[in-house]
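Report on one structure; see the data block that follows.
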Amino acid sequence: MTTHTVDPTQELAAFLRTRRERLDPRDLGLPSRRQARRTPGLRREEVAELAGVSVDYVVRLEQGRGLRPSADVVEALARALRLTPVERAYFFDLAQQRPRNTDKPATTAAPPLAQLVTDLSPLPAMLMNHRYDILAWNHEMTRLLLDFGTLPPARRNAMWLCLVHPEIREFYVDRGRVVREGIAHLRAAWAAHPEDRALTGLIAEFITRDEEFARLWAERDIKANGRGDKVMRHPDAGMIGLRFEVLVPLQDPDHRLVIFRAADGESQSALDRLCA
């Protein structure tokens with residue numbers, strides 16, 4: 001794998017292998033074979049049979065020999081490998097079978113969205129792009145995390161803060177899950193934006209400086225969380241349970257509007273004290 005730019009052929013090959021090896025033949029109702037399995041997961045011939053393609057075709061795909069499967073073949077392989085909807089979209093991106101967004105990645109907040117972030121007070125809110133660059137935020141967000149305006153623009157990145165910033169690293173009670181889900185989002189964004197050198201450079205930096213990131217990146221998990229829960233250990237307000245929603249504006253599809261709400265009454269009281 002290279003982090004200079006996405007090599008779709010080689011990444012598609014690696015993705016196919018990892019997904020094939022994660023499947024349990026018994027879960028798919030495949031007949032047991034007398035010959036012992038030397039490697040985990042499905043055999044290539046089993047994937048080929050489930051997808052309705054030749055074994056040689058699967059072998060060539062997994063060897064990265066320059067094939068570009070059609071949309072029908074990608075769909076058949078996605079079904080055979082039991083890919084999740086997010087993994088399926090990632091697979092289509094690698095096969096270059098999804099229409100590309102030709103717009104350049106957002107590096108500044110669209111003014112109407114920046115104003116919306118402000119207007120969402122008293123709910124903590126921020127606006128990001130697909131790289132996790134933080135483009136806009138409101139007062140409540142600065143109280144909940146930090147004032148992003150005090151950071152150099154290159155460091156206003158949610159993943160960088162979670163991995164590197166000495167204070168933010170300790171904020172999340174379940175930091176391991178937060179990092180894992182963030183990396184799974186970045187991998188999906190990496191496939192969807194293969195020419196985004198800023199993103200590939202960011203990933204290369206993380207792989208070089210953070211062993212946890214490098215290990216999780218190599219697992220090739222794909223995920224896109226539109227909502228969820230986080231628990232923060234705030235130095236001034238104590239434990240705060242939060243629920244978040246991630247919204248994608250139709251007019252600006254490279255933006256991600258993240259809105260936080262208190263998960264319970266005690267957390268709401270802590271937020272009120274913090275933002276007063």
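As a basis for the values below, the full set of heavy atoms in this structure was taken, side chains included, without hydrogen atoms, waters or symmetry mates.
A salt bridge does not link Arg131 with Glu205: every distance from a Lys NZ or Arg NE/NH1/NH2 to an Asp or Glu carboxylate oxygen is 4.0 Å or more. For Glu11 and Arg187, the salt-bridge test passes: some basic side-chain N is under 4.0 Å from an acidic carboxylate O. Electrostatic pairing of Arg88 and Glu75 counts as a salt bridge here, judged by a charged N lying under 4.0 Å from a carboxylate O.
Exactly one residue among Val58, Leu16, Asp56 makes a side chain to side chain contact (heavy atoms under 4.5 Å, CB included) with Arg44. That residue is Val58. With respect to Phe15, the ring-ring contact (aromatic ring centres under 6.0 Å, His included) criterion is satisfied by exactly one of Phe92, Trp190, Tyr90: Tyr90. When the options Leu135, Asn157, Ile134 are evaluated for a side chain to side chain contact (heavy atoms under 4.5 Å, CB included) with Asn129, the one that passes is Leu135.
Heavy-atom contacts from other residues, nucleotides or ligands closer than 6.0 Å to CZ of Arg175 number more than 12.
Separation of atoms CG (Leu216) and CD (Glu212) is listed at 5.5 Å; rounding is to 0.5 Å. One distance of note links CG of Leu186 with CD1 of Ile222; it measures 10.5 Å at 0.5 Å rounding. The CZ atom of Arg17 lies 9.0 Å from the CD atom of Gln63; values are rounded to the nearest 0.5 Å. Rounding to the nearest 0.5 Å gives a distance of 9.5 Å between CZ of Phe206 and SG of Cys162. In this structure, the separation between CD on Glu87 and CG on Leu94 is 11.5 Å, given to the nearest 0.5 Å. Rounded to the nearest 0.5 angstrom, Leu123 CG and Phe244 CZ are separated by 15.0 Å.
Tracing side-chain contacts under 4.5 Å through hydrophobic residues (I, L, V, M, F, W, Y), one never reaches Val117 starting from Met141; they form parts of separate clusters. A continuous path of Ile, Leu, Val, Met, Phe, Trp and Tyr side chains, each step under 4.5 Å between heavy atoms, connects Val53 with Leu67, placing both in one hydrophobic cluster. Met159 and Leu257 are not part of a single hydrophobic cluster, where members link through side-chain heavy atoms under 4.5 Å apart. Connection of Leu12 to Tyr57 is established within a shared hydrophobic cluster, with ILVMFWY side chains joined at heavy-atom distances below 4.5 Å, either directly or through further cluster members. Taken together through direct or relayed side-chain contacts under 4.5 Å among Ile, Leu, Val, Met, Phe, Trp and Tyr, Leu120 and Val258 form parts of separate hydrophobic clusters.
Side chain of Asn138 to main chain of Ala125: a donor-acceptor pair is present (N/O by atom type, distance under 3.5 Å, no hydrogens or angles). Between the side chain of Asp252 and the backbone N or O of His255, no donor-acceptor pair lies under 3.5 Å. Under a 3.5 Å cut-off, the side chain of Glu21 and the backbone N or O of Gly41 do not form any donor-acceptor pair. Judged by distance alone, the side chain of Arg156 and the main-chain N or O of Leu151 form a donor-acceptor pair under 3.5 Å. Here the side chain of Arg220 pairs no donor or acceptor atom with the backbone of Trp217 at under 3.5 angstrom. Remark: the backbone N or O of Arg65 is not paired with any side-chain donor or acceptor of Arg60 at under 3.5 angstrom.
Under the rule for a side chain to side chain contact (heavy atoms under 4.5 Å, CB included), the partners of Ala262 that lie at least two apart in sequence or sit in another chain are Ser267, Gln268, Leu271. Considering only residues two or more places apart in sequence or on other chains, Arg22 meets the side-chain hydrogen bond (donor to acceptor under 3.5 Å, both in side chains) condition with Asp221.
Using a 4.5 Å heavy-atom threshold, the side chains of Arg68 and Gln97 count as touching. The shortest side-chain heavy-atom distance between Val248 and Arg256 falls under the 4.5 Å cut-off. With a 4.5 Å cut-off on side-chain heavy atoms, Pro235 and Glu167 do not count as touching. By the 4.5 Å heavy-atom criterion applied to side chains, Asp196 and His130 are counted as neighbours. By the 4.5 Å heavy-atom criterion applied to side chains, Leu274 and Asp236 are counted as neighbours.
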Tell me, with the steps shown, if Met232 and Leu145 meet side chain to side chain contact (heavy atoms under 4.5 Å, CB included).
-> CA-CA 9 Å; Met232 289 187 177; Leu145 286 180; 3.7 Å; yes

Can Ile183 and Glu219 be said to form a side chain to side chain contact (heavy atoms under 4.5 Å, CB included), step by step?
-> CA-CA 10 Å; Ile183 292 171; Glu219 292 183 7; over 6 Å; no

Show your reasoning for whether side chain to side chain contact (heavy atoms under 4.5 Å, CB included) applies to Ile168 and Leu146.
-> CA-CA 9 Å; Ile168 303 301; Leu146 54 79; 3.8 Å; yes

Please report the C-alpha distance between Phe260 and Arg243 in whole Å, then the side-chain angles of each, then the deciding distance to 0.1 Å, and finally whether the side chain to side chain contact (heavy atoms under 4.5 Å, CB included) criterion is met.
-> CA-CA 6 Å; Phe260 291 93; Arg243 294 194 176 103; over 6 Å; no

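Note on ring orientation: taking the six-membered ring where Trp is involved, the planes of Trp137 and Phe148 are perpendicular (angle over 60°, cut-offs 30° and 60°). Ring geometry for His165 against Trp160 counts as perpendicular: the plane angle is over 60°, on a 0 to 90° scale with 30° as the lower cut.
Other members of the hydrophobic cluster containing Val231, listed by chain and number, are Val173, Met239; membership follows side-chain contacts under 4.5 Å among ILVMFWY residues, whether direct or relayed.
Leu242 approaches Ala263 most closely through the heavy-atom pair N-CB, 3.9 Å.
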